[in-house]
Amino acid sequence: MSTLTYPEVGATRLGPLPDGYNHLHHRAAIGRGRAAFEAAGAAVTEWRMHRTAGAGVRASAPRAAAGGKVEVSAGIGRLRIGAPCEIVWTAYESDRTGFAYGTLARHPECGEESFVVELADDETVWFTVTAFSRPACWYARLAGPLVPLAQHWYARRLGKVLRRIVSTA
């Protein structure tokens with residue numbers, strides 16, 4: 001029995017994103033070639049991208065796997081907010097690597113977010129964040145329109161972090 005807090009499980013993989021949520025779609029070129037793709041895929045699925053971006057990560061496994069649990073947190077000390085999630089799908093394909101996690105109880109939002117790296121035919125490596133979410137607690141509702149702005153900022157930050165990881169690999 002799933003303890004996910006929303007019914008549209010997998011919508012970030014198959015689409016379309018469900019109505020009634022804020023939607024996020026951010027895509028960025030982060031490098032070129034197979035080596036860049038492999039480095040980016042490992043950074044995404046082994047939590048290095050999130051950690052390098054400054055998030056705390058506690059995961060049930062060293063690599064994203066369907067059914068695994070992960071808690072991503074941000075903030076300082078008592079102001080640190082944890083966001084418990086479950087991995088709802090993974091992609092470990094020749095030209096596509098990534099995963100999505102869905103929200104569990106105590107997550108400030110309700111919804112799903114995916115992080116995918118793709119190697120295009122022209123050798124460009126693309127990083128895409130796709131999400132749908134809505135507030136699930138009083139402080140997320142109180143933050144109102146600031147939450148989607150923060151989510152967009154974080155997606156852009158992840159792209160920059162991943163570009164830097166790939167450039168040093």
Side-chain angles (χ1 to χ4, degrees), residues 1-30 40-41 43-45 47-60 64-76 78-91 96-118 125-165:
M1 182 164 146
S2 177
T3 57
L4 295 164
T5 60
Y6 64 102
E8 303 90 346
V9 177
T12 58
R13 181 179 216 161
L14 304 173
L17 298 182
D19 293 332
Y21 295 86
N22 295 310
H23 294 172
L24 167 67
H25 183 81
H26 174 73
R27 187 173 190 233
I30 57 161
V44 167
T45 59
W47 318 114
R48 191 161 40 116
M49 175 187 69
H50 281 83
R51 287 184 173 117
T52 303
V57 177
R58 289 187 319 163
S60 62
K69 304 289 193 285
V70 61
E71 181 170 286
V72 179
S73 61
I76 300 170
R78 291 188 168 275
L79 297 177
R80 192 160 200 81
I81 297 172
C85 298
E86 180 178 322
I87 309 301
V88 295
W89 62 262
T90 60
R96 184 171 184 262
T97 300
F99 71 93
Y101 50 45
T103 57
L104 297 171
R106 296 183 3 266
H107 193 295
E109 293 282 306
C110 170
E112 187 174 294
E113 188 167 24
S114 69
F115 309 91
V116 176
V117 177
E118 294 176 285
V125 179
W126 293 96
F127 171 63
T128 305
V129 179
T130 304
F132 60 92
S133 64
R134 61 183 172 218
C137 69
W138 68 269
Y139 56 87
R141 284 189 289 281
L142 183 64
L146 297 178
V147 173
L149 292 175
Q151 290 170 330
H152 282 273
W153 173 83
Y154 188 63
R156 287 190 304 275
R157 177 164 171 67
L158 291 177
K160 290 175 187 172
V161 163
L162 201 51
R163 188 177 301 117
R164 191 175 42 215
I165 289 170

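Just so you know, residue 1 is the first one in the sequence shown, and it goes up from there.
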For Leu24 and Thr130: C-alpha separation, side-chain torsions, deciding distance, then whether side chain to side chain contact (heavy atoms under 4.5 Å, CB included) applies. CA-CA 5 Å; Leu24 167 67; Thr130 304; over 6 Å; no

Thr5 vs His107, test: side chain to side chain contact (heavy atoms under 4.5 Å, CB included). Steps then yes/no. CA-CA 9 Å; Thr5 60; His107 193 295; 5.8 Å; no

Evaluate the side chain to side chain contact (heavy atoms under 4.5 Å, CB included) criterion for residues Val44 and Leu162: first the C-alpha distance (whole Å), next the side-chain angles of each, then the deciding distance (0.1 Å), finally the verdict. CA-CA 8 Å; Val44 167; Leu162 201 51; 3.7 Å; yes

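Looking at heavy atoms from C-beta onward, Leu104 lies in side-chain contact with Leu4 at the 4.5 angstrom threshold. Under the 4.5 Å side-chain criterion, counting only non-hydrogen atoms from C-beta, Thr52 is in contact with Arg164. Residues Val147 and Pro135 have side chains not in contact (no heavy-atom distance under 4.5 Å, counting atoms from C-beta outward). The shortest distance between side-chain heavy atoms of Gln151 and Glu113 does not fall below 4.5 Å.
Smallest separation of non-hydrogen atoms from Ala55 and Val72: CB-CG1, 3.8 Å. Ala100 and Ser114 make their closest contact through CB-CB, 3.7 Å (heavy atoms, listed as atom of the first residue, atom of the second, distance). Across all their heavy atoms, Arg27 and Thr128 have their closest contact at CG-OG1, 3.5 Å. Of all heavy-atom pairs between Pro148 and Asn22, the closest is CG-ND2, 3.6 Å. The minimum heavy-atom distance linking Pro108 with Ala140 is given by the pair O-CB, 3.3 Å. The two residues Gly82 and Ser73 have their closest heavy-atom pair at CA-CB, 3.9 Å.
Arg157 contributes a side-chain N or O that, together with a main-chain N or O of Ala53, makes up a donor-acceptor pair within less than 3.5 Å. Remark: the backbone N or O of Ala91 is not paired with any side-chain donor or acceptor of Arg96 at under 3.5 angstrom. In this structure a side-chain-to-backbone donor-acceptor pair under 3.5 Å is present from His23 to Pro18.
With sequence neighbours excluded, no residue forms a salt bridge (Lys or Arg N to Asp or Glu O under 4.0 Å) with Arg156. Trp47 is linked by a ring pair (Phe, Tyr, Trp, His ring centres under 6.0 Å) to Phe99, counting only residues two or more places apart in sequence or in another chain.
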Side-chain donor-acceptor contacts of residues 6-13 below 3.5 Å, not counting sequence neighbours, with atom names and distances?
{"from": "Tyr6", "atom 1": "OH", "to": "Glu112", "atom 2": "OE1", "distance (Å)": "2.5"}
{"from": "Glu8", "atom 1": "OE1", "to": "Tyr21", "atom 2": "OH", "distance (Å)": "2.7"}
{"from": "Glu8", "atom 1": "OE2", "to": "Tyr21", "atom 2": "OH", "distance (Å)": "3.3"}
{"from": "Thr12", "atom 1": "OG1", "to": "Trp89", "atom 2": "NE1", "distance (Å)": "3.1"}
{"from": "Thr12", "atom 1": "OG1", "to": "Glu112", "atom 2": "OE2", "distance (Å)": "2.5"}
{"from": "Arg13", "atom 1": "NH2", "to": "Thr90", "atom 2": "O", "distance (Å)": "3.1"}

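Between Phe127 and Phe115, the ring-plane angle classifies as parallel under the 30° and 60° cut-offs.
Residue-environment remark: CZ (Arg58) stays at or below the threshold of 12 foreign heavy atoms within 6.0 Å. The 12-atom threshold is not exceeded at CZ of Arg106, counting heavy atoms of other residues, nucleotides or ligands nearer than 6.0 Å.
In this structure, CZ on Phe132 lies 8.0 Å from OG1 on Thr103, to the nearest 0.5 angstrom. Summarising the geometry, atom CD belonging to Glu86 is positioned 14.0 Å from atom CD belonging to Glu71; distances are rounded to the nearest 0.5 Å. Atom CD1 of Ile30 is separated from atom CE of Met49 by 9.0 Å, given to the nearest 0.5 angstrom.
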